[in-house]
Asks: 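Sharing a structure with you now.
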Amino acid sequence: MRSPADTTSVSQWTIGVLGGSGLYAIDGLKNEQWVKIDTPWGDPSDEILFADYGDVRLRFLPRHGRGHSLTPSAVNYRANIDALKRAGCTDLLSISAVGSLKEHYVPGHFVAVDQFIDRTFAREKSFFGPGCVAHVSVADPICPRLSALAAQAARSAGATVHTGGTYLAIEGPQFSTKAESALYRQWGCDVIGMTNMPEAKLAREAELPYATLAMVTDFDCWHPDHGSVDVASVIAILQQNAATAGEAVRTLCETLSGQPRTACASGIETNLDVAIITPPDARDPELVAKLDAVAGRVLNV
Ligand SMILES: CSC[C@H]1O[C@H](OP(=O)(O)O)[C@H](O)[C@@H]1O
Ligand SMILES: Nc1ncnc2[nH]cnc12
């Protein structure tokens, strides 16, 4: 029998959306119900909105909570990913506000990022640990299939979308200094945010294909012709873009509706096959039990 943690042979799309700053709901869905999901990692940021759009199931989680009460460091990323997996998600789409580190990525544009640099340091970054050690590859942290579908959906919703780009994740909650911003530009980074790491790493550990639509809200603080970023200007841009983001999600669902889901060619849904190094007889049963949703497919729990 297929383990609930195994999404390889699930033929219905269940898209989990992690809504970032400014995106606390999605309009136009059917059969909406907010559901509390318990996880062994603590509380997720909020209840999850279960809804349908055509044949597609949608699971929406506002990353900072509906009242935006959680800082990027206080988000329980493990609980969020575990809860979305328990909610049956086959794929995860992050929608995130970012600062631009490039002249031609202007506020209002979207970027379908494909790489990350993780400069966060005060967060739980793995489901695994003493008693069950795993090393997954995040060489290609984004699912190319979902990313292409999301980018196309955002274009159809009217957005200017750049394909590919490196997202630099900082701990926050403060924005960067000018020296930091200049350094990240020298590193070749394209956009800057505070939340997609370790979220993307944890999604990979949970064998969930993950993609990000980054919404550019500001030029951080490096641009000589623009003042430094502040929340009011970020929110002003987000208010203009939230409707486009919602439309992108609905368009994505419309595209997928009626299409049976097949396993990802990239092998993301089976990446734990080659990642767990602790042999079965040396595993901590308590940790193994906590990994039921994330890794039950390979741990047989
Ligand atoms: C309100 S600006 C800073 C805030 O916005 C971004 O959050 P998210 O990725 O959830 O949209 C950024 O990472 C910061 O958390
Ligand atoms: N400039 C910036 N730095 C970090 N996170 C952000 N989110 C939106 N704009 C940002």
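We count ligands from 1, going down the list as the structure has it; atoms in each ligand are counted the same way.
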Asks: Does a side-chain N-to-carboxylate-O contact under 4.0 Å join Arg261 and Glu269?
Replies: yes
Asks: Taking only heavy atoms of Asp220 into account, list the atoms of ligand 2 that are under 4.0 Å away from them.
Replies: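 The atoms of ligand 2 under 4.0 Å from a heavy atom of Asp220 are 1 (N), 2 (C), 3 (N).
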Asks: Under a 4.0 angstrom heavy-atom cut-off, which atoms of ligand 2 come close to Thr217?
Replies: 8 (C), 9 (N)
Asks: Please list, in number order, the atoms of ligand 2 under 4.0 Å from a heavy atom of Ala97.
Replies: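 Those qualifying, in numeric order: 7 (N), 8 (C).
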Asks: Of all the non-hydrogen atoms in the protein, which one sits nearest to atom 4 (C) of ligand 1, and at what distance?
Replies: Ser21 OG, 3.4 Å
Asks: Does Gly172 have a non-hydrogen atom less than 4.0 Å from ligand 1?
Replies: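 Not so, Gly172 does not reach ligand 1.
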Asks: Just which atoms of ligand 1 are under 4.0 Å from any heavy atom in Gly193?
Replies: 13 (O)
Asks: Return the residue, atom name and 0.1 Å-rounded distance of the protein heavy atom closest to atom 10 (C) of ligand 2.
Replies: Gly99 N, 3.4 Å
Asks: Are Phe110 and His162 close enough, and set up right, to give a ring pair (Phe, Tyr, Trp, His ring centres under 6.0 Å), and what steps lead you there?
Replies: CA-CA 6 Å; Phe110 284 47; His162 303 273; over 10 Å; no
Asks: Please check if any side-chain donor atom of Ser96 sits under 3.5 Å from a side-chain acceptor atom of Arg63, or the reverse.
Replies: yes
Asks: Between Phe175 and Asp230, is any pair of side-chain heavy atoms under 4.5 Å apart?
Replies: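 They are not in contact (no side-chain heavy atoms under 4.5 Å apart), so the answer is no.
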Asks: Looking at Gly193, which atoms of ligand 2 are within less than 4.0 Å of one of its heavy atoms?
Replies: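 Those of ligand 2 that fall under 4.0 Å from Gly193 are 4 (C), 5 (N).
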Asks: Checking a contact table here: which protein heavy atom is nearest atom 10 (O) of ligand 1, and how many Å away?
Replies: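 It is His64 NE2, 2.6 Å.
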Asks: State the atoms of ligand 1, each with its element, that fall below the 4.0 Å cut-off from a heavy-atom position in Gly20.
Replies: 8 (P), 10 (O), 11 (O)
Asks: Please write down residue, atom name and distance for the protein heavy atom closest to atom 6 (C) of ligand 2.
Replies: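 Checked against all protein heavy atoms, atom 6 (C) of ligand 2 sits closest to Ile192 O, 3.7 Å.
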Asks: I'd like to know if Arg66 and Glu47 make a salt bridge, using a cut-off of under 4.0 Å between side-chain N and carboxylate O.
Replies: yes
Asks: Would you check whether Ala97 has a nitrogen or oxygen atom less than 3.5 angstrom from a nitrogen or oxygen atom of ligand 1?
Replies: yes
Asks: Is ligand 1 under 4.0 Å from a heavy atom in the side chain of Val234, in the backbone, in both, or in neither?
Replies: side chain
Asks: Would you say that more than 12 heavy atoms from the other residues, nucleotides or ligands in this model lie under 6.0 Å from the CZ of Arg250, or not?
Replies: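 Atom CZ in Arg250 is packed in, count exceeds 12.
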Asks: Charged N to carboxylate O below 4.0 Å: is that the case for Asp273 and Arg297?
Replies: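 Answer for the salt bridge query: yes.
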Asks: What protein heavy atom is closest to atom 2 (C) of ligand 2, reported as residue, atom name and distance in Å?
Replies: Phe175 CD2, 3.6 Å
Asks: Can Val56 and Asp52 be said to form a side-chain contact (heavy atoms from CB on, under 4.5 Å), step by step?
Replies: CA-CA 6 Å; Val56 175; Asp52 297 325; over 6 Å; no
Asks: Closest non-hydrogen protein atom to atom 9 (O) of ligand 1, residue and atom name please, with distance?
Replies: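 It is Thr195 OG1, 2.6 Å.
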Asks: Under a 4.0 Å threshold between the charged nitrogen and the carboxylate oxygen, would Asp82 count as salt-bridged to Lys290?
Replies: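 Looking at Asp82 together with Lys290, the answer is no, because their closest N to O distance does not fall below 4.0 Å.
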Asks: Keeping Asp118 on the side-chain end and Thr120 on the backbone end, is there a donor-acceptor pair under 3.5 Å?
Replies: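 It does hold such a pair.
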Asks: I want to know if ligand 1 touches Asn196 in the polar sense, i.e. an N/O pair below 3.5 angstrom.
Replies: no
Asks: I'd like to know if Asp38 pairs up with Lys36 as an ion pair, taking the criterion as any Lys NZ or Arg NE/NH1/NH2 lying under 4.0 Å from an Asp or Glu carboxylate oxygen.
Replies: yes
Asks: Run the ring pair (Phe, Tyr, Trp, His ring centres under 6.0 Å) check on Phe127 and Trp41 step by step: do they pass?
Replies: CA-CA 9 Å; Phe127 290 107; Trp41 313 97; 5.2 Å; yes
Asks: Does Arg86 pair with Asp292 as a salt bridge, N-O distance under 4.0 Å?
Replies: yes
Asks: Kindly identify the option in Leu238, Asp218, Thr195 whose heavy atom sits closest to atom 9 (N) of ligand 2.
Replies: Asp218
Asks: Quick check: does His68 get an N/O under 3.5 Å from an N/O on ligand 1?
Replies: no
Asks: Would Met194 count as being in polar contact with ligand 1, using the rule that some N or O on each side must be under 3.5 angstrom apart?
Replies: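 Checking ligand 1 against Met194, an N or O pair does fall under 3.5 Å apart.
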Asks: Which residue and non-hydrogen atom of the protein lie closest to atom 3 (C) of ligand 1, and at what distance in Å?
Replies: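 Its nearest protein heavy-atom neighbour is Phe175 CE2, 4.1 Å.
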Asks: Could you check atom 15 (O) of ligand 1 against the protein and tell me its nearest heavy-atom contact, residue, atom and distance included?
Replies: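 The protein heavy atom lying closest is Pro72 CG, 3.2 Å.
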Asks: Does Val231 reach ligand 1, in the sense of a heavy atom lying below 4.0 Å from it?
Replies: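 Contact absent.
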